[in-house]
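This report refers to the structure that appears directly beneath it.
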There are 2 protein chains.
Amino acid sequence: MATARQATVSAPVVTGDDPRDRILAAAGQEFAERGYEAATIRDICLAAGVNVAAVNYYFGDKRRLYIESVKHAHELRVKQVPLPEWPRDRPAAERLHDFIDNLLERMLGFGQPPWQVRLMLREVLQPTDACRELVEDYMRPHFALLVSTLDDVCERRLPQHELRRVAMSIIGQCFLYRAAGDVVGMLVPRDEIESLHTPTQLADHVTRFTLAALGAAPPLASPASPPSSISRTPR
Amino acid sequence: MATARQATVSAPVVTGDDPRDRILAAAGQEFAERGYEAATIRDICLAAGVNVAAVNYYFGDKRRLYIESVKHAHELRVKQVPLPEWPRDRPAAERLHDFIDNLLERMLGFGQPPWQVRLMLREVLQPTDACRELVEDYMRPHFALLVSTLDDVCERRLPQHELRRVAMSIIGQCFLYRAAGDVVGMLVPRDEIESLHTPTQLADHVTRFTLAALGAAPPLASPASPPSSISRTPR
DNA sequence: GAGGAATTCAAACAGCCGTTTCAATCAACT
DNA sequence: AGTTGATTGAAACGGCTGTTTGAATTCCTC
C-alpha cells in the first residue's frame with residue numbers, strides 16, 4: 001500500500017516508517033561516529049531521508065536531538081542486554097564470570113560494535129546533561145550487582161570501599177579494550193589479538209585474574225598451576 | 001626591558017616571547033579542552049595574544065597546528081616524567097609498584113591534570129595521524145618495560161602473551177580513573193574519593209591486586225591478611 | 001469530497017568557521 | 001639612513017553551520 005514515492009533520493013541509510021525514529025537512528029550513528037560538534041544536521045537528515053527542517057519540527061534543536069539520541073541508545077542497549085539473573089544456588093565465582101562475560105559482550109559486542117555503545121562511551125568520557133541519567137538508570141544497578149557478587153566471592157571478608165575498588169579494577173580492565181582498542185591493537189601482535197582477545201577469552205582472563213587476586217582461585221604464576229584457561233569449550 | 005606594548009588587548013593567557021610557542025601552548029589547551037572540531041583558531045589566537053593570520057604563517061593550517069600540538073605535549077610530558085630506572089638489585093615487586101605509581105602520577109597528575117594528558121587521551125580514544133608516532137615513541141617503551149618487570153615478578157613462569165594481557169589489566173585499571181573519572185566519581189561516595197582515590201592509594205591498590213593475582217603477595221581476601229594498605233605514609 | 005490540522009519541502013537567513021589578502025610595521029645589515 | 005626581508009595587523013572572502021520561513025503537500029475527520 002505505502003506509496004513508494006521517495007524513490008531514488010540519495011541514500012536513505014535508515015529504515016522504518018516513523019520519521020522521528022529514522023532521525024533518531026541516523027543521529028545516533030552520526031553522533032557516535034563524528035561527535036557532537038562534527039556531526040551535521042544536514043548529514044543526519046540525508047541519512048534519515050528527511051528534510052533538514054524535520055529536526056527542528058520533531059526535536060526543537062540540535063542539542064535536544066543529541067540528548068534524545070543518547071537516551072534512545074541507552075534504552076535500546078538495556079533491552080538488548082538485560083541485567084543477568086541467576087538461580088539461587090549458582091556459585092559466586094561463576095556468577096562473577098557471567099557478569100564479566102556479560103559486561104565485555106555488552107562493551108565489545110559480537111560482530112562490529114554497535115553505534116549505541118560508542119555514543120554512550122562519548123558520554124562517559126566527556127559527560128553532558130544526558131550522563132547523570134545514564135549513570136543512575138543504567139550503570140549504578142550494574143555496579144551494585146557487581147559489588148554484591150564480589151562480596152559473595154570473598155565471603156564478606158572485605159569492607160565495602162575495598163569491594164568498590166576491586167569492582168573498578170574489573171571495569172577498568174574491560175573498559176580499556178573498548179576505549180583504547182586501537183592502541184591495544186598497536187601494542188599487541190595482530191595474530192594474538194585475533195586469537196586471544198575475543199570477548200570470551202578476555203572474560204576468562206579478567207575473571208581468573210580477579211579471582212586469583214581475591215584468593216578464590218590459584219594465582220596465575222603458581223608453579224603447580226595447569227596451562228591456562230578456565231572454560232573448557234574450545235569449540 | 002621588554003617593551004610592554006601589547007598592553008590591554010584582552011586576555012593573553014599564555015606567557016613567553018616566541019609567538020610560535022605561545023600559539024602552541026594556547027592551542028594545546030584549547031584542543032585538549034574542546035576537541036579538534038570545537039576549538040577555533042580565533043579563540044586560540046586570542047588566548048595566545050597573536051593575530052589569526054599567525055597560525056597560517058607559522059603552521060600552515062589548523063590540522064598541522066593540531067599535529068604539532070600533540071607532538072609538543074608529548075615531548076613536554078616525556079621530559080616531565082621520564083621512564084623510571086632502578087638499581088640492579090631492586091626487588092621486582094617494588095619495581096612494579098614504582099612503575100604503577102609512576103604511571104598513575106603521569107596519568108592523574110599531582111594537582112589539576114595538565115592539558116597535555118587530556119590531549120594525548122583524545123588521541124588514544126580516537127587516533128589521528130599523530131597517534132602512531134605517539135605509540136611508537138612514547139608508549140611502546142613504557143609497555144615493554146612493564147612487561148619485562150612483570151616477567152621478573154613471576155620469575156619467567158608465564159608466556160609473553162599472558163604477560164601482555166596482565167600488563168593490559170594493569171594499564172586498564174589505571175586508565176579507568178583517567179578516562180572515566182567523572183563516572184567513577186558518581187558511583188563512589190565523595191569522601192571515599194578524597195580519602196582513598198589519591199594516586200598513591202590507587203597505586204598501592206593496583207599493585208597489591210596484581211601481585212596477589214600473580215601469586216607474589218597474599219590474596220586480598222585471605223582470612224589472615226592485615227587490614228589493607230601497603231605503604232605506611234598517611235602524611 | 002471539503003475543511004483543517006499535521007507534516008514536508010525548497011529556499012533563504014544570519015552567523016561563525018578556516019583561510020587569504022595586502023598593506024603596515026619591525027629588525028637587521030650595508 | 002635606506003633597503004631588504006621577516007613579521008604583524010585589520011579586513012575581507014567563500015563556505016558551511018544551525019535555524020527559520022512560508023508555501024505546498026499529505027493525512028485525517030466530518
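If you're wondering where the values come from, they're calculated on a predicted model, not measured in any experiment. Chain letters run A, B, ... following the sequence lines, proteins first, then strands; residues in each count from 1.
Nearest-nucleotide mapping onto DNA chain D: of A:Asn56 and A:Ala38, the residue sitting toward the 5' end is A:Ala38. Taking the nucleotide of DNA chain C with the nearest heavy atom to each of A:Val50 and B:Val55, the more 5' of the two is matched to A:Val50.
Rounded to whole Å, atom P of C:dT7 lies 14 Å from atom CZ of A:Arg22. C:dC9 atom P lies 12 Å from atom CG of A:Leu46, rounded to whole Å. Atom CZ of A:Phe59 and atom C1' of D:dT20 are 18 Å apart (whole Å). The distance from atom CG of A:Asp18 to atom C1' of C:dA6 is 13 Å, rounded to the nearest whole Å. In this structure, the OH atom of B:Tyr57 is 14 Å from the C1' atom of C:dA24, given to the nearest Å. In this entry the distance linking CG of A:Asp61 with P of D:dT19 reads 5 Å, nearest Å. Distance CD1 (B:Ile41) to P (C:dG18): 5 Å, rounded to an integer number of Å. Taking atom CZ of B:Arg20 as the reference point, atom P of D:dT8 lies 13 Å away to the nearest angstrom.
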CA sep, side-chain torsions, deciding dist, call: B:Leu196, B:Val188, side-chain contact (heavy atoms from CB on, under 4.5 Å): CA-CA 10 Å; B:Leu196 290 175; B:Val188 173; over 6 Å; no

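In terms of phosphate contacts, A:Asn51 brings a side-chain nitrogen or oxygen within less than 4.0 Å of OP1 or OP2 of C:dA10. Proximity of B:Tyr58 to the phosphate of D:dT8: a side-chain N or O atom is located under 4.0 Å from OP1 or OP2.
Side chain of A:Val52, nearest nucleotide from C:dA11, D:dT17, C:dT19: C:dA11. In the set D:dT19, C:dG18, C:dT20, C:dT20 carries the atom at the smallest distance from any side-chain atom of B:Ala53.
At least one cation-pi condition fails for A:Arg64 and A:Tyr58: the charged atom is not both under 6.0 angstrom from the six-membered ring centre and inside a 45 degree cone around its axis.
Heavy atoms of B:Ala39 sit under 4.0 angstrom from primed sugar atoms or phosphate atoms, though from no base atom. Contact annotation for B:Ala54: no contact, since no heavy-atom pair falls under 4.0 Å across all strands.
Using a 4.5 Å cut-off on side-chain heavy atoms (C-beta onward), B:Phe209 and B:Gln173 make contact.
B:Cys131 and A:Val183 make their closest contact through SG-CG2, 4.3 Å (heavy atoms, listed as atom of the first residue, atom of the second, distance).
A salt bridge is absent between A:Asp98 and A:Arg95; no separation between the charged side-chain nitrogens and carboxylate oxygens falls under 4.0 Å.
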